[in-house]
Amino acid sequence: MRSIRDSLNIKVSHVAIYKWILKLSCFFSILVPVDAFKVHGDETVVVFKSKKYYVWFLVEHNSNLIVAWHVSKYRDMGQVKILLEKFFGNNEREIELITDGLGAYGAVKILYKNINHIVVRLGQNNQCESKFSLFQDFVRAKRGFKNIDNLPMYVNSFCVVRNLLKLNGNDIARVMSVLLSSITTS
């Protein structure tokens with residue numbers, strides 16, 4: 001946020017930039033590549049007032065973009081189904097899904113005939129796990145959440161900014177240009 005602030009020609013705090021992104025990220029999709037045929041799935045836990053919440057990501061193998069996300073209180077087959085439905089929408093293309101050994105992913109073979117499910121050893125799903133370390137840094141920098149109902153908004157903001165940075169070669173000026181042009185045209 002400080003890097004974005006420094007790239008602007010106006011005086012504004014990094015907290016204001018952060019709040020702008022939270023408010024505006026709901027207007028942006030997470031930029032799903034249309035040719036996503038190999039994805040990595042994983043989940044991480046966020047603790048809020050001693051309760052666990054799970055953040056699920058699907059990451060496209062080639063572009064390393066986050067193509068779907070989901071927040072839930074549970075870590076079961078129903079949540080995997082919701083995550084995959086967010087990714088597929090109405091399109092049922094053939095994909096390869098790479099996950100760790102979580103049993104909830106076992107439903108994939110039963111529910112979807114178009115998914116080739118590959119299980120890798122715990123800790124070997126780096127495409128997704130690296131996003132979680134970035135997300136955990138984001139949560140740590142924020143010093144937690146004041147209201148857990150805002151968690152989906154923060155996850156969406158993280159995904160939008162992460163994908164924009166990835167698509168624009170971490171060039172903050174180009175990301176700002178995309179954001180500003182999107183804001184002014186909407």
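Note that the structure is a prediction, hence the values are computed from the model and not measured.
Looking at heavy atoms from C-beta onward, Ile115 lies in side-chain contact with Leu84 at the 4.5 angstrom threshold. Residues Asn114 and Ile95 fail the side-chain proximity criterion, which asks for heavy atoms closer than 4.5 Å. With a 4.5 Å cut-off on side-chain heavy atoms, Tyr105 and His117 count as touching.
Note on Phe48 and Phe158: same hydrophobic cluster, where clusters join Ile, Leu, Val, Met, Phe, Trp and Tyr whose side-chain heavy atoms are under 4.5 Å apart, directly or indirectly. Note: the hydrophobic cluster containing Tyr74 does not contain Val80 (ILVMFWY, side chain heavy atoms under 4.5 Å, direct or indirect links).
In this pair, His40 and His61 present their aromatic rings parallel. The plane angle is below 30°, not in the 30 to 60° band.
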What's the verdict on side chain to side chain contact (heavy atoms under 4.5 Å, CB included) for Lys38 and Asn62, showing C-alpha distance, side-chain angles and the deciding distance? CA-CA 8 Å; Lys38 186 174 184 180; Asn62 294 323; 5.8 Å; no

Run Phe88 and Tyr112 through side chain to side chain contact (heavy atoms under 4.5 Å, CB included) and show every step you take. CA-CA 11 Å; Phe88 281 124; Tyr112 299 96; 4.2 Å; yes

Side chain to side chain contact (heavy atoms under 4.5 Å, CB included) between Ile82 and Trp56, worked out: CA-CA 10 Å; Ile82 292 169; Trp56 304 73; over 6 Å; no

Carefully, step by step, assess Trp69 and Val55 under the rule side chain to side chain contact (heavy atoms under 4.5 Å, CB included). CA-CA 7 Å; Trp69 62 269; Val55 178; 5.6 Å; no

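From Leu83, atom CG reaches atom OG of Ser72 across 9.5 Å, with rounding to the nearest 0.5 Å. Atom CG of Asp76 and atom NZ of Lys81 lie 12.0 Å apart (nearest 0.5 Å). Distance check: Ile98 CD1 to Asn116 CG gives 9.0 Å after rounding to the nearest 0.5 Å. To the nearest 0.5 Å, atom CG of residue Asn163 and atom CG of residue Asn168 are 10.5 Å apart. Rounding to the nearest 0.5 angstrom, the gap separating the CZ atom in Phe37 from the CD atom in Glu94 is 9.5 Å. The CG atom of Leu165 sits 7.5 Å away from atom CZ of Arg162, with the distance rounded to the nearest 0.5 Å.
For Lys86, the NZ atom is densely surrounded, since the number of other residues' heavy atoms within 6.0 Å is greater than 12.
Taking all atoms of both residues into account, the shortest heavy-atom contact from Phe57 to Cys159 is CE2-SG, 3.7 Å. Between Ala68 and Phe87, the shortest heavy-atom contact is CB-CB, 3.9 Å. Shown here for Glu60 and Val39, the closest heavy-atom pair between the two residues is CA-CG1, 4.1 Å. Minimum interatomic distance between Tyr53 and Lys73 (heavy atoms only, all atoms of both residues): CE2-CG, 3.6 Å.
Leu58 pairs with exactly one of Thr99, Leu97, Ile66 by the side-chain contact (heavy atoms from CB on, under 4.5 Å) rule, that one being Leu97.
When the salt bridge (Lys or Arg N to Asp or Glu O under 4.0 Å) test is applied to Lys166, no partner is found at least two apart in sequence or on another chain.
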